[in-house]
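The block underneath contains the structure these notes are about, expressed in structure tokens.
Lettering of chains follows the sequences in order, A, B, ..., and the numbering in each one begins at 1. What's counted below: heavy atoms across the whole structure, side chains too, no hydrogens, waters or symmetry copies.
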2 protein chains.
Amino acid sequence: MEQELDERKLKILKAIVRNYLETGEPVGSRTISKYTDLNLSSATIRNEMSDLEEMGYIIQPHTSAGRIPSDKGYRTYVDDMMKEKMEEMSKQQKEISDIKDTLLEKVEKVEELLQNTAKMLASNTNYATMVSSPRFDKRIKFIQLSIVDENKLLCVVVLDGNRIKNKIVNLTKELSDEDVFKMNMLFNSTLNGLTVEEINLMTIRQITGQAGEQAEVVGKVLELIAEVAGDNEDMKIYTSGATNILKYPELSDNNHASDLINVLEEKKQLTSLLTDKEGEENTGIQVYIGNETPVQTMKDCSVVTMTYELGEGVQGTIGIIGPKRMDYEKVVENLKTVKDKLDTAFKQGD
Amino acid sequence: MEQELDERKLKILKAIVRNYLETGEPVGSRTISKYTDLNLSSATIRNEMSDLEEMGYIIQPHTSAGRIPSDKGYRTYVDDMMKEKMEEMSKQQKEISDIKDTLLEKVEKVEELLQNTAKMLASNTNYATMVSSPRFDKRIKFIQLSIVDENKLLCVVVLDGNRIKNKIVNLTKELSDEDVFKMNMLFNSTLNGLTVEEINLMTIRQITGQAGEQAEVVGKVLELIAEVAGDNEDMKIYTSGATNILKYPELSDNNHASDLINVLEEKKQLTSLLTDKEGEENTGIQVYIGNETPVQTMKDCSVVTMTYELGEGVQGTIGIIGPKRMDYEKVVENLKTVKDKLDTAFKQGD
DNA sequence: GTTAGCACTCACTTAAATAGAGTGCTAATA
DNA sequence: TATTAGCACTCTATTTAAGTGAGTGCTAAC
């Protein structure tokens with residue numbers, strides 16, 4: 001028996017997967033015999049299925065049941081499908097999916113946009129979805145200090161992309177208006193245009209040196225900036241449709257479902273899924289099947305993620321979590337459309 | 001038959017409720033006969049139960065099953081319990097519950113604090129929990145305008161409690177540094193100390209008049225302020241333990257559970273629960289039983305909320321969502337402890 | 001007013017019977 | 001040699017029936 005899948009075996013495998021995706025039930029030889037255009041009897045199919053099982057592509061849950069795809073089986077199916085999708089794409093054959101157009105209604109706030117995206121995607125696919133806010137790089141555009149109360153200093157840092165961070169700092173001694181003015185000049189001339197990472201010891205010494213008596217302020221301000229740098233919570237994660245998980249019996253056995261929903265509610269663990277994997281393929285699509293996912297709780301799920309981009313390399317991620325028998329084709333299609341919408345939405349909002 | 005509950009009936013009712021809280025099963029006459037210290041035979045209890053049912057305090061799910069409390073039954077139980085609690089409280093009998101002390105570990109960020117609170121409360125009670133961030137009133141403390149780019153104006157509003165709102169505004173024409181300085185003076189002298197609601201037409205006319213050519217800027221800034229005012233999203237809601245709902249069979253029948261978890265995931269609808277009800281009782285505790293809740297999805301749940309306070313009337317709300325047969329006593333106890341912790345945490349953090 | 005006793009109801013459990021889908025193997029066929 | 005028909009066998013799921021037990025309502029006695 002050859003190790004490689006011949007064409008007929010592949011065809012049968014695909015038929016099995018596709019059928020299982022639909023029904024969620026183990027699929028038997030007779031079904032396949034009718035399902036495909038191969039015109040083979042169930043007996044022949046049985047022989048082939050026996051081979052496929054031995055090769056690890058399909059699994060028999062128990063004697064005298066049909067077969068279901070193994071992770072390996074899903075994987076080949078997905079890979080094969082992706083190949084087709086790529087070809088399709090290159091033909092620019094952009095089929096417009098009937099995604100509802102709620103997305104583009106005027107949403108000023110990014111948060112709301114992303115939340116809506118997650119929601120829409122969930123209701124469209126019937127899986128759980130997650131969307132991460134875009135990760136910007138942290139280049140300082142502008143710094144503004146000003147006095148609020150006698151010894152409270154408002155300190156605002158504007159980053160590229162007009163994201164604003166601020167904090168109120170308590171001082172031990174009062175600053176004159178003139179002092180503040182000078183400090184503003186100092187910080188802006190030294191730090192503007194730098195990314196947070198680029199501020200090194202040299203820069204710090206330079207500033208502290210020029211600040212003279214106001215070294216205290218420098219310290220506090222730099223602290224704020226450090227805070228900005230460490231602010232990974234910058235990346236917010238929005239989820240929706242967590243309960244869709246309950247719709248799939250294979251995931252909804254009591255504890256399993258709660259665990260999954262908890263992970264979605266807590267969001268922290270999702271970071272590993274949404275974090276840059278620099279998707280090997282240029283589509284930016286990443287498919288984790290079963291154990292492939294970095295989140296242990298999801299070992300019986302599949303996760304499909306796709307990154308969306310905002311011009312200058314700034315990017316975020318959209319993801320879908322469902323049973324292994326998720327409708328990969330539909331999911332990828334949906335993700336693509338959403339990606340497009342997000343891309344344009346952000347371009348317009350800019 | 002008198003309409004009022006005599007002492008014996010009340011005692012029996014309480015026994016029924018308490019037993020049902022524990023077991024979740026309809027409770028029969030024999031159980032009560034042994035459970036109470038009344039020394040009555042099951043037959044007598046049966047008679048009393050029959051009365052209680054007719055009076056609407058308990059319900060028989062089907063012939064030949066025990067009784068379960070009706071909403072009315074729960075209500076009297078809770079009211080009675082609260083009365084006792086109040087007396088207890090007045091005796092300063094502060095029993096320290098064994099709530100884990102995770103709460104007070106150093107959390108700088110309020111968000112994280114609240115998130116942790118929700119989580120801890122959920123794991124302690126086994127119900128779903130929600131915590132709203134405190135609602136401050138919106139008194140303007142300080143306004144700061146400054147130029148970022150040629151025609152982009154950074155506009156920062158500092159509110160009481162040092163909360164900071166900001167936005168970047170696009171201008172059609174350039175402003176000189178001097179212009180900005182003047183505008184700053186103008187806004188601060190006019191608006192500082194006012195609450196957002198107090199800015200009326202008079203104030204606006206006054207500013208616009210003095211601004212002269214810079215009327216455009218005034219408009220934009222006032223817009224930001226209006227945004228601050230309308231910013232109800234200021235109130236963030238944190239939930240945890242949504243899946244605890246699945247632990248109670250009476251809530252976990254398929255659609256029911258999903259609907260509930262969805263409401264918790266979406267958070268919007270929770271506002272009505274967490275919004276100021278000016279808790280009639282001075283404890284700030286509010287108990288919604290079954291249909292009493294404003295959220296229709298929760299008609300088979302009970303919701304207990306409690307407001308916590310930060311000195312100057314600024315307050316937020318903690319809430320617990322569970323089955324009607326929730327352990328009200330434990331819940332109230334937990335809420336009280338958490339409230340205390342939050343109160344002190346905020347006081348320290350100030 | 002309270003209680004003992006008894007017939008009756010109804011959900012739930014258990015066990016057995018049945019149906020049905022699917023396999024593996026063998027022998028026949030093209 | 002590859003394919004197919006046929007059949008015995010396996011295992012799950014569904015149905016059916018019987019049995020169990022908790023609990024009630026009512027009546028008559030205390």
Side-chain angles (χ1 to χ4, degrees), chain A residues 1-2 5-13 15-17 19-20 22-70 73 249-250 252-253, chain B residues 1-2 4-13 15-17 19-20 22-70 73 249-250 253:
Chain A
M1 174 219 356
E2 67 280 79
L5 281 175
D6 60 27
E7 182 152 356
R8 196 170 75 177
K9 282 196 172 53
L10 181 62
K11 220 162 183 173
I12 291 174
L13 174 59
I16 293 174
V17 176
N19 193 284
Y20 182 67
E22 269 180 33
T23 63
E25 298 284 302
V27 10
S29 52
R30 226 176 100 76
T31 316
I32 297 300
S33 157
K34 285 186 273 179
Y35 200 94
T36 56
D37 50 354
L38 288 167
N39 270 36
L40 291 176
S41 80
S42 61
T44 315
I45 302 289
R46 273 203 289 285
N47 290 332
E48 294 288 49
M49 283 168 88
S50 179
D51 289 354
L52 281 171
E53 180 161 22
E54 211 170 325
M55 293 160 87
Y57 289 100
I58 52 180
I59 290 171
Q60 199 171 18
H62 59 85
T63 9
S64 87
R67 310 298 215 289
I68 62 175
S70 68
E250 65 267 47
S252 69
D253 340 354
Chain B
M1 172 217 0
E2 66 277 79
E4 204 50 41
L5 281 176
D6 60 28
E7 182 152 354
R8 195 169 77 176
K9 281 196 172 54
L10 181 62
K11 220 161 182 173
I12 292 174
L13 174 59
I16 293 174
V17 176
N19 193 283
Y20 182 67
E22 270 181 31
T23 64
E25 299 285 301
V27 9
S29 52
R30 225 177 101 76
T31 316
I32 297 301
S33 157
K34 285 187 273 179
Y35 200 94
T36 57
D37 49 354
L38 288 169
N39 270 34
L40 291 177
S41 81
S42 61
T44 315
I45 303 288
R46 273 203 288 286
N47 289 333
E48 294 288 49
M49 282 168 90
S50 177
D51 288 356
L52 281 170
E53 179 161 24
E54 212 169 324
M55 294 161 86
Y57 288 100
I58 52 181
I59 289 171
Q60 200 172 19
H62 59 83
T63 8
S64 88
R67 311 298 216 289
I68 61 175
S70 68
E250 64 268 47
D253 338 353

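- The side chain of Ser41(A) lies closest to dA5(D), out of dG24(C), dT24(D), dA5(D).
- The base of dG5(C) lies close enough to the side chain of Arg46(B) for a donor and an acceptor atom to sit less than 3.5 Å apart.
- Met49(A) CE to Thr44(A) OG1: the interatomic distance, rounded to the nearest 0.5 Å, is 12.5 Å.
- Residues that satisfy the side chain to side chain contact (heavy atoms under 4.5 Å, CB included) test with Glu22(A), not counting sequence neighbours, are Tyr35(A).
- Looking at Thr23(A), its side chain does come within 3.5 Å of a backbone N or O of Asn19(A) through a donor-acceptor pair.
- As rounded to whole Å, 13 Å separates atom C1' of dG23(D) from atom CD of Glu53(B).
- The Thr31(B) side chain lies nearest to dG23(D) when the options are dT4(D), dG25(D), dG23(D).
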*How far apart are the C-alpha atoms of Lys11(A) and Thr36(A), what are their side-chain angles, what is the distance that settles it, and do they pass the side-chain contact (heavy atoms from CB on, under 4.5 Å) test?*
CA-CA 8 Å; Lys11(A) 220 162 183 173; Thr36(A) 56; 5.6 Å; no
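- For Gln60(B), the listed nucleotide lying nearest its side chain is dG25(D); candidates were dG24(C), dT12(D), dG25(D).
- Residue-level contact check: Ala43(A) touches the bases, meaning some heavy atom is under 4.0 Å from a base atom.
- At a threshold of 4.0 angstrom between heavy atoms, the contacts of Thr63(B) are confined to the sugar-phosphate backbone, with no base atom among them.
- Both Arg67(A) and Asn47(B) lie close to DNA chain C; mapped to their nearest nucleotides by heavy-atom distance, the more 5′-ward contact belongs to Asn47(B).
- At a cut-off of 3.5 angstrom, the base of dT24(D) holds no donor-acceptor pair with the side chain of Ser64(B).
- For Asp51(B) and dT24(D), the CG to P distance is 14 Å, given to the nearest whole Å.
- If you measure from atom CD1 of Ile32(B) to atom P of dT3(C), you get 15 Å, rounded to the nearest angstrom.
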